[in-house]
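Below is one structure, written out as C-alpha coordinates, with a few remarks after it.
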Amino acid sequence: MPELPEVETVRDGLDRLVVGAVVRDVEVFREYSVRRHDGGPAGFADQLRGRRVIGAARRGKYLWLPLDEPGHEPSAALLAHLGMSGQLLVRDPAVAGEWAHPHLRVRLHVDGAPSGARYVDFVDQRTFGHLSVTDLAPTPDGAPGGYGSPLPALPEPVAHIARDLLDPALDRDLVVARLRRRRTGIKRALLDQTVVSGVGNIYADEALWRARVHFARATDAMTRPVAHRVLDAAAEVMTEALGQGGTSFDALYVDVNGESGYFSRSLAVYGQAGEPCPRCATPVRRDEFMNRSSFSCPGCQPRPRQGRW
DNA sequence: CACACGTCCTGGTAGC
DNA sequence: TGCTACCAGGACGTGT
(Lines give C-alpha, C1' and ligand atoms only; values in the text may rest on other atoms or scores of the structure.)
Protein backbone atom coordinates (compact mmCIF):
# COMPACT_ATOMS: atom_id res chain seq x y z
CA MET A 1 0.00 0.00 0.00
CA PRO A 2 1.29 3.44 -0.72
CA GLU A 3 1.97 5.20 2.56
CA LEU A 4 4.31 8.11 3.10
CA PRO A 5 7.57 6.45 1.94
CA GLU A 6 5.96 5.13 -1.22
CA VAL A 7 4.28 8.43 -2.02
CA GLU A 8 7.52 10.29 -1.35
CA THR A 9 9.34 7.93 -3.72
CA VAL A 10 6.80 8.85 -6.39
CA ARG A 11 7.01 12.56 -5.58
CA ASP A 12 10.76 12.48 -5.92
CA GLY A 13 10.46 10.72 -9.25
CA LEU A 14 7.99 13.28 -10.59
CA ASP A 15 10.22 16.08 -9.35
CA ARG A 16 13.16 14.74 -11.33
CA LEU A 17 11.39 13.44 -14.42
CA VAL A 18 8.33 15.59 -15.02
CA VAL A 19 8.68 19.08 -13.52
CA GLY A 20 9.01 21.57 -16.38
CA ALA A 21 6.85 19.54 -18.74
CA VAL A 22 3.71 20.93 -20.39
CA VAL A 23 0.53 18.87 -20.54
CA ARG A 24 -0.48 18.56 -24.16
CA ASP A 25 -3.45 16.25 -23.80
CA VAL A 26 -5.36 14.14 -21.30
CA GLU A 27 -7.14 10.82 -21.70
CA VAL A 28 -9.50 9.60 -19.01
CA PHE A 29 -10.31 5.91 -19.34
CA ARG A 30 -12.18 5.57 -16.07
CA GLU A 31 -14.40 8.43 -14.94
CA TYR A 32 -14.35 7.31 -11.33
CA SER A 33 -10.60 8.01 -11.20
CA VAL A 34 -11.25 11.75 -11.63
CA ARG A 35 -13.47 12.21 -8.60
CA ARG A 36 -14.43 15.35 -6.76
CA HIS A 37 -13.91 17.47 -9.77
CA ASP A 38 -16.16 20.17 -11.18
CA GLY A 39 -16.89 19.53 -14.80
CA GLY A 40 -16.04 15.85 -14.60
CA PRO A 41 -13.35 14.29 -16.79
CA ALA A 42 -13.85 16.84 -19.58
CA GLY A 43 -13.36 19.76 -17.19
CA PHE A 44 -10.35 17.99 -15.74
CA ALA A 45 -8.76 17.70 -19.16
CA ASP A 46 -9.60 21.30 -20.07
CA GLN A 47 -7.94 22.62 -16.94
CA LEU A 48 -4.76 20.66 -17.57
CA ARG A 49 -4.23 21.16 -21.28
CA GLY A 50 -1.43 23.63 -22.03
CA ARG A 51 -0.33 24.00 -18.40
CA ARG A 52 3.25 23.62 -17.26
CA VAL A 53 4.10 21.57 -14.18
CA ILE A 54 6.28 23.72 -11.92
CA GLY A 55 6.81 21.50 -8.89
CA ALA A 56 6.06 18.25 -7.09
CA ALA A 57 4.82 18.50 -3.51
CA ARG A 58 3.49 16.11 -0.92
CA ARG A 59 1.75 16.20 2.44
CA GLY A 60 1.19 12.80 3.99
CA LYS A 61 -0.19 10.59 1.24
CA TYR A 62 -1.47 13.46 -0.89
CA LEU A 63 0.66 14.50 -3.82
CA TRP A 64 0.27 17.55 -6.04
CA LEU A 65 1.88 19.22 -9.02
CA PRO A 66 1.46 23.02 -8.99
CA LEU A 67 0.65 24.40 -12.44
CA ASP A 68 2.01 27.62 -13.88
CA GLU A 69 -0.15 30.58 -14.69
CA PRO A 70 1.76 33.04 -16.86
CA GLY A 71 1.62 36.52 -15.35
CA HIS A 72 0.09 35.32 -12.10
CA GLU A 73 0.99 33.43 -8.96
CA PRO A 74 0.25 29.72 -9.43
CA SER A 75 -3.19 29.05 -8.02
CA ALA A 76 -4.02 25.53 -9.16
CA ALA A 77 -2.50 22.09 -9.00
CA LEU A 78 -2.98 18.58 -10.27
CA LEU A 79 -3.80 16.66 -7.08
CA ALA A 80 -3.33 12.92 -6.72
CA HIS A 81 -4.09 10.36 -4.05
CA LEU A 82 -2.90 6.84 -4.80
CA GLY A 83 -5.43 5.16 -2.51
CA MET A 84 -4.56 1.50 -2.02
CA SER A 85 -3.10 0.61 -5.36
CA GLY A 86 -2.49 3.77 -7.41
CA GLN A 87 0.71 4.30 -9.38
CA LEU A 88 2.00 7.24 -11.37
CA LEU A 89 4.26 5.89 -14.09
CA VAL A 90 6.44 8.19 -16.14
CA ARG A 91 6.87 6.59 -19.53
CA ASP A 92 8.67 7.08 -22.80
CA PRO A 93 7.09 4.82 -25.43
CA ALA A 94 10.06 5.37 -27.74
CA VAL A 95 12.19 3.58 -25.16
CA ALA A 96 9.79 1.23 -23.42
CA GLY A 97 7.27 0.67 -26.20
CA GLU A 98 3.52 1.26 -26.16
CA TRP A 99 1.57 -0.73 -23.69
CA ALA A 100 -2.01 -1.37 -22.71
CA HIS A 101 -2.00 -1.81 -18.98
CA PRO A 102 -5.34 -3.31 -17.91
CA HIS A 103 -5.66 -0.80 -15.05
CA LEU A 104 -4.60 2.35 -16.87
CA ARG A 105 -7.15 4.93 -15.72
CA VAL A 106 -5.75 8.29 -16.86
CA ARG A 107 -2.95 9.24 -19.25
CA LEU A 108 -1.35 12.68 -19.45
CA HIS A 109 0.54 13.38 -22.67
CA VAL A 110 3.41 15.74 -21.89
CA ASP A 111 5.95 17.76 -23.88
CA GLY A 112 9.31 18.98 -22.65
CA ALA A 113 9.80 16.66 -19.70
CA PRO A 114 13.43 16.76 -18.54
CA SER A 115 13.50 12.97 -18.86
CA GLY A 116 12.12 13.04 -22.39
CA ALA A 117 9.08 11.11 -21.13
CA ARG A 118 5.86 11.48 -23.09
CA TYR A 119 3.30 9.95 -20.75
CA VAL A 120 2.40 10.23 -17.11
CA ASP A 121 0.14 7.24 -16.54
CA PHE A 122 -2.19 6.84 -13.60
CA VAL A 123 -2.64 3.10 -13.08
CA ASP A 124 -4.91 1.92 -10.30
CA GLN A 125 -6.27 -1.57 -9.85
CA ARG A 126 -8.51 -1.04 -6.82
CA THR A 127 -9.64 2.45 -7.80
CA PHE A 128 -9.48 3.99 -4.34
CA GLY A 129 -7.07 6.53 -5.77
CA HIS A 130 -8.07 9.58 -7.73
CA LEU A 131 -6.84 12.67 -9.57
CA SER A 132 -8.30 16.17 -9.72
CA VAL A 133 -7.34 19.75 -10.49
CA THR A 134 -7.82 21.93 -7.44
CA ASP A 135 -7.27 25.50 -6.30
CA LEU A 136 -4.29 26.32 -4.15
CA ALA A 137 -4.81 28.37 -1.00
CA PRO A 138 -2.12 30.01 1.17
CA THR A 139 -0.93 28.01 4.18
CA PRO A 140 -2.04 29.51 7.51
CA ASP A 141 1.52 29.43 8.87
CA GLY A 142 3.22 30.78 5.75
CA ALA A 143 5.46 27.71 5.53
CA PRO A 144 5.63 25.57 2.38
CA GLY A 145 2.48 23.52 1.90
CA GLY A 146 4.32 20.26 2.23
CA TYR A 147 7.47 18.32 1.51
CA GLY A 148 8.99 19.55 -1.73
CA SER A 149 6.46 22.34 -2.12
CA PRO A 150 7.87 25.35 -3.96
CA LEU A 151 5.05 27.52 -2.60
CA PRO A 152 3.48 28.39 0.77
CA ALA A 153 0.23 27.04 -0.61
CA LEU A 154 -1.95 23.99 -0.26
CA PRO A 155 -4.67 22.33 -2.35
CA GLU A 156 -8.04 22.91 -0.73
CA PRO A 157 -8.82 19.19 -0.28
CA VAL A 158 -5.58 18.87 1.69
CA ALA A 159 -6.24 21.78 4.05
CA HIS A 160 -7.51 19.51 6.84
CA ILE A 161 -4.57 17.08 6.55
CA ALA A 162 -1.87 17.48 9.20
CA ARG A 163 1.79 17.84 8.30
CA ASP A 164 3.73 14.57 8.18
CA LEU A 165 6.76 13.26 10.01
CA LEU A 166 9.17 14.14 7.19
CA ASP A 167 7.93 17.72 6.93
CA PRO A 168 10.55 20.17 8.27
CA ALA A 169 7.70 22.45 9.40
CA LEU A 170 6.10 19.75 11.58
CA ASP A 171 5.97 20.55 15.29
CA ARG A 172 6.28 17.19 17.06
CA ASP A 173 5.46 18.59 20.49
CA LEU A 174 2.20 19.82 19.03
CA VAL A 175 1.44 16.36 17.63
CA VAL A 176 2.14 14.80 21.03
CA ALA A 177 -0.20 17.29 22.67
CA ARG A 178 -2.89 16.53 20.11
CA LEU A 179 -2.43 12.79 20.54
CA ARG A 180 -2.77 13.01 24.30
CA ARG A 181 -5.87 15.16 24.08
CA ARG A 182 -7.68 12.45 22.18
CA ARG A 183 -9.78 9.81 23.84
CA THR A 184 -9.06 6.83 21.66
CA GLY A 185 -6.47 4.11 21.02
CA ILE A 186 -3.00 4.98 19.76
CA LYS A 187 -3.34 3.19 16.44
CA ARG A 188 -6.59 4.93 15.61
CA ALA A 189 -4.91 8.24 16.36
CA LEU A 190 -1.86 7.40 14.23
CA LEU A 191 -4.11 6.53 11.30
CA ASP A 192 -6.06 9.78 11.69
CA GLN A 193 -4.51 12.02 9.04
CA THR A 194 -5.69 15.16 10.84
CA VAL A 195 -3.39 14.38 13.80
CA VAL A 196 -0.26 13.49 11.86
CA SER A 197 -0.34 12.38 8.24
CA GLY A 198 1.34 9.73 6.14
CA VAL A 199 0.95 6.78 8.52
CA GLY A 200 -1.12 3.86 7.23
CA ASN A 201 -1.79 0.36 8.44
CA ILE A 202 1.65 -1.07 7.66
CA TYR A 203 3.81 1.62 9.23
CA ALA A 204 1.45 2.07 12.18
CA ASP A 205 2.00 -1.58 13.10
CA GLU A 206 5.75 -1.36 12.50
CA ALA A 207 6.10 1.86 14.51
CA LEU A 208 4.12 0.50 17.45
CA TRP A 209 6.22 -2.66 17.45
CA ARG A 210 9.42 -0.63 17.50
CA ALA A 211 8.09 1.51 20.32
CA ARG A 212 6.84 -1.59 22.17
CA VAL A 213 3.36 -0.12 22.46
CA HIS A 214 0.12 -2.06 21.98
CA PHE A 215 -2.23 -0.63 19.33
CA ALA A 216 -5.08 -0.22 21.80
CA ARG A 217 -3.10 1.84 24.34
CA ALA A 218 -5.32 4.75 25.40
CA THR A 219 -3.90 8.01 24.04
CA ASP A 220 -5.11 10.05 27.00
CA ALA A 221 -3.23 7.75 29.38
CA MET A 222 0.04 7.92 27.46
CA THR A 223 2.93 9.90 28.89
CA ARG A 224 4.70 12.46 26.73
CA PRO A 225 7.87 10.33 26.51
CA VAL A 226 5.90 7.31 25.30
CA ALA A 227 4.03 9.39 22.74
CA HIS A 228 7.34 10.80 21.51
CA ARG A 229 8.76 7.28 21.35
CA VAL A 230 5.91 6.23 19.06
CA LEU A 231 6.37 9.22 16.75
CA ASP A 232 10.14 8.76 16.71
CA ALA A 233 9.65 5.10 15.79
CA ALA A 234 7.21 6.02 13.02
CA ALA A 235 9.59 8.61 11.58
CA GLU A 236 12.46 6.13 11.80
CA VAL A 237 10.70 3.23 10.11
CA MET A 238 9.36 5.44 7.32
CA THR A 239 12.77 7.00 6.74
CA GLU A 240 14.33 3.56 6.47
CA ALA A 241 11.61 2.43 4.08
CA LEU A 242 12.12 5.55 1.98
CA GLY A 243 15.80 4.69 1.74
CA GLN A 244 14.81 1.39 0.19
CA GLY A 245 12.24 2.80 -2.17
CA GLY A 246 9.18 1.82 -0.16
CA THR A 247 7.30 -1.37 0.56
CA SER A 248 5.88 -3.56 -2.15
CA PHE A 249 4.99 -6.99 -0.86
CA ASP A 250 1.98 -7.35 -3.13
CA ALA A 251 3.40 -5.90 -6.34
CA LEU A 252 0.68 -3.26 -6.48
CA TYR A 253 3.08 -0.51 -5.61
CA VAL A 254 5.94 0.57 -7.84
CA ASP A 255 7.80 3.82 -8.29
CA VAL A 256 7.50 6.08 -11.33
CA ASN A 257 9.69 3.75 -13.38
CA GLY A 258 7.73 0.69 -12.38
CA GLU A 259 10.41 -0.53 -9.98
CA SER A 260 9.36 -2.15 -6.73
CA GLY A 261 10.68 -1.13 -3.33
CA TYR A 262 12.48 -3.60 -1.15
CA PHE A 263 11.29 -2.66 2.31
CA SER A 264 8.88 -5.58 2.53
CA ARG A 265 11.89 -7.69 3.45
CA SER A 266 12.36 -5.56 6.55
CA LEU A 267 8.87 -5.77 8.04
CA ALA A 268 9.00 -7.03 11.61
CA VAL A 269 5.32 -7.73 12.24
CA TYR A 270 3.09 -6.56 9.40
CA GLY A 271 1.79 -9.59 7.55
CA GLN A 272 3.92 -11.86 9.74
CA ALA A 273 1.20 -13.66 11.73
CA GLY A 274 2.64 -16.79 13.33
CA GLU A 275 6.22 -15.84 12.50
CA PRO A 276 8.63 -15.26 15.39
CA CYS A 277 9.04 -11.69 16.64
CA PRO A 278 12.53 -10.57 15.54
CA ARG A 279 13.14 -9.29 19.08
CA CYS A 280 11.77 -11.97 21.38
CA ALA A 281 10.69 -14.82 19.08
CA THR A 282 7.11 -14.85 20.38
CA PRO A 283 4.80 -15.65 17.44
CA VAL A 284 3.34 -12.50 15.90
CA ARG A 285 -0.38 -12.12 16.46
CA ARG A 286 -3.02 -10.86 14.05
CA ASP A 287 -6.07 -9.06 15.39
CA GLU A 288 -9.06 -7.67 13.55
CA PHE A 289 -9.27 -4.00 14.29
CA MET A 290 -11.07 -1.17 12.52
CA ASN A 291 -12.17 -3.54 9.76
CA ARG A 292 -8.54 -4.23 8.94
CA SER A 293 -5.68 -6.32 10.24
CA SER A 294 -3.41 -5.42 13.10
CA PHE A 295 -0.16 -7.27 13.66
CA SER A 296 1.71 -7.15 16.95
CA CYS A 297 3.98 -9.11 19.24
CA PRO A 298 2.18 -10.39 22.35
CA GLY A 299 5.52 -10.49 24.15
CA CYS A 300 6.82 -7.00 23.36
CA GLN A 301 3.43 -5.28 23.10
CA PRO A 302 1.21 -6.64 25.88
CA ARG A 303 -2.46 -5.70 25.83
CA PRO A 304 -3.22 -2.78 28.13
CA ARG A 305 -5.76 -3.51 30.90
CA GLN A 306 -7.95 -0.67 29.76
CA GLY A 307 -7.25 -0.22 26.11
CA ARG A 308 -9.32 1.61 23.53
CA TRP A 309 -10.02 -0.45 20.47
C1' DC B 1 -16.27 -15.68 -0.87
C1' DA B 2 -13.63 -13.32 2.29
C1' DC B 3 -10.16 -10.18 2.28
C1' DA B 4 -6.90 -6.32 1.17
C1' DC B 5 -7.65 -0.77 3.36
C1' DG B 6 -7.49 4.96 2.82
C1' DT B 7 -10.75 8.33 2.89
C1' DC B 8 -15.20 10.38 3.23
C1' DC B 9 -19.58 10.56 5.23
C1' DT B 10 -23.02 9.77 8.70
C1' DG B 11 -24.97 9.12 12.98
C1' DG B 12 -24.18 9.23 17.57
C1' DT B 13 -21.94 10.67 22.00
C1' DA B 14 -19.24 13.29 25.36
C1' DG B 15 -18.49 17.39 27.55
C1' DC B 16 -19.05 22.14 28.33
C1' DT C 1 -30.90 21.84 27.46
C1' DG C 2 -28.38 23.06 23.44
C1' DC C 3 -24.43 23.27 21.01
C1' DT C 4 -20.11 21.70 19.26
C1' DA C 5 -16.37 18.99 18.75
C1' DC C 6 -15.03 14.67 18.56
C1' DC C 7 -15.32 9.74 17.64
C1' DA C 8 -16.65 5.03 15.63
C1' DG C 9 -17.99 2.52 11.92
C1' DG C 10 -19.95 1.69 7.29
C1' DA C 11 -19.48 2.40 2.29
C1' DC C 12 -16.86 2.60 -1.54
C1' DG C 13 -14.27 -0.17 -5.25
C1' DT C 14 -11.61 -4.19 -7.82
C1' DG C 15 -9.39 -8.50 -8.23
C1' DT C 16 -7.28 -12.58 -6.14
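Values in this document were obtained by computation on a predicted structure and should not be read as measured data. In the text below, chain A, chain B and the rest are named by the order of the sequence lines, each starting its count at 1.
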[N] [atom2] sits how many Å from [X] [atom1], rounded?
X: Phe289(A); N: dC7(C); atom1: CZ; atom2: P; result: 13 Å
X: Met84(A); N: dT14(C); atom1: CE; atom2: P; result: 13 Å
X: Ile161(A); N: dT7(B); atom1: CD1; atom2: P; result: 6 Å
X: Leu179(A); N: dC6(C); atom1: CG; atom2: P; result: 14 Å
X: Asp192(A); N: dC6(C); atom1: CG; atom2: C1'; result: 10 Å
X: Asn201(A); N: dT7(B); atom1: CG; atom2: P; result: 12 Å
X: Leu190(A); N: dA8(C); atom1: CG; atom2: P; result: 14 Å
X: Leu79(A); N: dT7(B); atom1: CG; atom2: C1'; result: 13 Å

Closest to side chain of [X], choosing from [options]:
X: Lys61(A); options: dA8(C), dT7(B), dT14(C); answer: dT7(B)
X: Arg126(A); options: dG6(B), dA8(C), dT14(C); answer: dT14(C)
X: Phe128(A); options: dG15(C), dC8(B), dG13(C); answer: dG13(C)

Legend entry - 5' priority, DNA chain B, between Glu288(A) and Pro157(A) [closest heavy atom]: Glu288(A)

Taking the basic N atoms (NZ, or NE/NH1/NH2) and the acidic carboxylate oxygens, is any pair closer than 4.0 Å for [X] and [Y]?
X: Arg118(A); Y: Asp111(A); result: yes
X: Glu69(A); Y: Arg51(A); result: yes
X: Glu240(A); Y: Arg210(A); result: yes
X: Arg11(A); Y: Asp15(A); result: yes
X: Asp124(A); Y: Arg30(A); result: no

Between [X] and [N], is there a contact of a side-chain N or O with OP1 or OP2 at under 4.0 Å?
X: Arg182(A); N: dA5(C); value: no
X: Arg183(A); N: dA14(B); value: no
X: Ser293(A); N: dA4(B); value: yes
X: Gln193(A); N: dG6(B); value: no
X: His160(A); N: dC8(B); value: yes
X: Arg188(A); N: dG9(C); value: yes
X: Tyr203(A); N: dG6(B); value: no
X: His130(A); N: dC8(B); value: no
X: His81(A); N: dG6(B); value: no
X: Arg286(A); N: dA4(B); value: yes
X: Asn291(A); N: dG10(C); value: yes
X: Ser85(A); N: dA4(B); value: no

Legend entry - Close side-chain approach of Val28(A) and Arg105(A), heavy atoms under 4.5 Å: no

Legend entry - Aromatic ring pairing Tyr62(A)/His130(A), orientation class (parallel under 30°, perpendicular over 60°, tilted between): perpendicular

Inset, instruction - Between Gly185(A) and Arg292(A), just flag the one whose closest nucleotide in DNA chain C comes earlier from the 5' side. - result: Gly185(A)

Legend entry - Stacking of Tyr32(A) on dG13(C) base (centres under 5.5 Å, planes under 30°): no

Inset, instruction - Tell me what Arg308(A) touches on the nucleic acid: a base, only sugar-phosphate, or nothing, going by heavy atoms under 4.0 Å. - result: nothing

